*Asks:* 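Mind having a look at this structure? Questions to follow.
In listed order, ligands and their atoms are each counted from 1. This structure is a prediction, so every number in the text was calculated from the model and none was measured. All residue numbers refer to positions in the sequence shown, counting from 1.
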Amino acid sequence: MTIRPILIHPDPRLKKRCDPVTEITDDLRAAAEDMLETMYDAPGVGLAGPQVGLMSRILVMDCVKDPEAKPRPMVLMNPEVTWASEETNTYEEGCLSIPEQYADVTRPKEVKVRWLGLDGEAHEEQFGGLWATCVQHEIDHLDGKLFIDYLTPLKRQLITRKMQKLKREKARL
Ligand code: K1U
Ligand code: ZN
């Protein structure tokens with residue numbers, strides 16, 4: 001397993017819609033394992049393909065935050081929201097591709113999601129709490145959407161400028 005570098009905004013790959021997974025290959029299984037390792041190392045609770053330059057509809061997540069509890073690593077391919085609650089929830093979101101920037105985002109409080117698993121089977125589950133926020137944030141990544149796209153143009157521009165500066169500084173090292 002390998003920790004893969006996480007792309008930092010702005011990057012054109014983070015703005016593209018990803019392609020559906022059509023075949024579960026050994027390369028894709030290896031990429032899923034690498035993505036989980038990269039997510040745990042960051043640390044984060046989710047990670048989507050484009051964040052590591054993989055332009056396929058694959059995401060990983062594990063929102064079990066209690067270090068004493070059993071982890072629940074999940075790999076979702078071709079995820080689709082099949083139902084969303086009318087009730088919403090506001091969560092202060094972060095993003096591993098936009099380090100150290102946080103903002104309130106309002107989304108459906110609960111969602112039902114259908115996806116293809118690494119076992120080749122279709123799965124469906126209802127998510128609530130941080131799981132619901134995270135899966136929606138990650139599906140947005142697969143559609144080329146970032147949490148800052150929910151903010152005002154001014155706030156988005158401010159964060160983008162900070163990230164451009166961060167990338168320039170990192171490139172100088
Ligand atoms: O997609 C990503 O960039 C990962 C992101 C997912 C996410 C978190 C919170 C709300 C929505 C989506 C993160 O994991 S940011 C890091 C984070 O939230 C966290 C890190 C360590 C422990 C607990 C949370
Ligand atoms: Zn993110």
*Asks:* Ignoring hydrogens, what is the shortest heavy-atom contact between Ala42 and Ile6? Give both atom names and the distance.
*Replies:* CB-CD1, 4.4 Å
*Asks:* Ignoring hydrogens, what is the shortest heavy-atom contact between Gly44 and Leu96? Give both atom names and the distance.
*Replies:* CA-CD1, 4.2 Å
*Asks:* Report yes if Thr133 has an N/O atom closer than 3.5 Å to an N/O atom of ligand 1; otherwise report no.
*Replies:* no
*Asks:* Do Tyr150 and Asp104 get their side chains close enough for a donor-acceptor pair, meaning under 3.5 Å?
*Replies:* no
*Asks:* For Thr82 and Glu124, test the side chains for any donor-to-acceptor distance below 3.5 angstrom and give the result as yes or no.
*Replies:* yes
*Asks:* Does an N or O anywhere in Glu93 fall below 3.5 Å from an N or O of ligand 1?
*Replies:* no
*Asks:* Please identify which atoms of ligand 1 are closer than 4.0 Å to at least one heavy atom of His141.
*Replies:* 1 (O), 3 (O)
*Asks:* Closest non-hydrogen protein atom to atom 24 (C) of ligand 1, residue and atom name please, with distance?
*Replies:* Val45 CG1, 3.7 Å
*Asks:* Numbering the atoms of ligand 1 from 1, which are under 4.0 Å from a heavy atom of Gln51?
*Replies:* 1 (O), 2 (C), 3 (O)
*Asks:* When only distance counts, is Leu96 in polar contact with ligand 1, meaning an N/O pair under 3.5 Å?
*Replies:* yes
*Asks:* Report the C-alpha separation of Thr106 and Thr90 in whole Å, then their side-chain angles, then the decisive distance to 0.1 Å, and conclude whether the side-chain hydrogen bond (donor to acceptor under 3.5 Å, both in side chains) test is met.
*Replies:* CA-CA 4 Å; Thr106 300; Thr90 300; 2.7 Å; yes
*Asks:* May I ask you to identify the nearest protein heavy atom to atom 23 (C) of ligand 1, giving residue, atom name and distance to one decimal place in Å?
*Replies:* Lys65 CE, 3.5 Å
*Asks:* Taking the Zn ion (ligand 2) as the vertex, how big is the angle to NE2 in His141 and NE2 in His137, rounded to 10°?
*Replies:* 100°
*Asks:* Got the closest protein heavy atom to atom 4 (C) of ligand 1, with its distance?
*Replies:* Gly46 O, 3.0 Å
*Asks:* Could you check whether Arg72 makes a cation-pi contact with Trp131, meaning its NZ or CZ is under 6.0 Å from the centre of the six-membered ring and within 45° of the ring axis?
*Replies:* yes
*Asks:* Around atom 20 (C) of ligand 1, find the nearest protein heavy atom and jot down its residue, atom name and distance.
*Replies:* Pro43 O, 3.2 Å
*Asks:* Taking only non-hydrogen atoms of Gln136, do any sit less than 4.0 angstrom from ligand 1?
*Replies:* no
*Asks:* Which bit of Tyr91 is near ligand 1, meaning a heavy atom under 4.0 Å away: side chain, backbone, both or neither?
*Replies:* side chain
*Asks:* Tell me the contacting part of Glu138 for ligand 1: side chain, backbone, both, or neither, using a 4.0 Å heavy-atom threshold, strictly below.
*Replies:* side chain
*Asks:* Within a 6.0 Å radius of atom CD on Glu92, are there more than 12 heavy atoms belonging to other residues, nucleotides or ligands?
*Replies:* yes
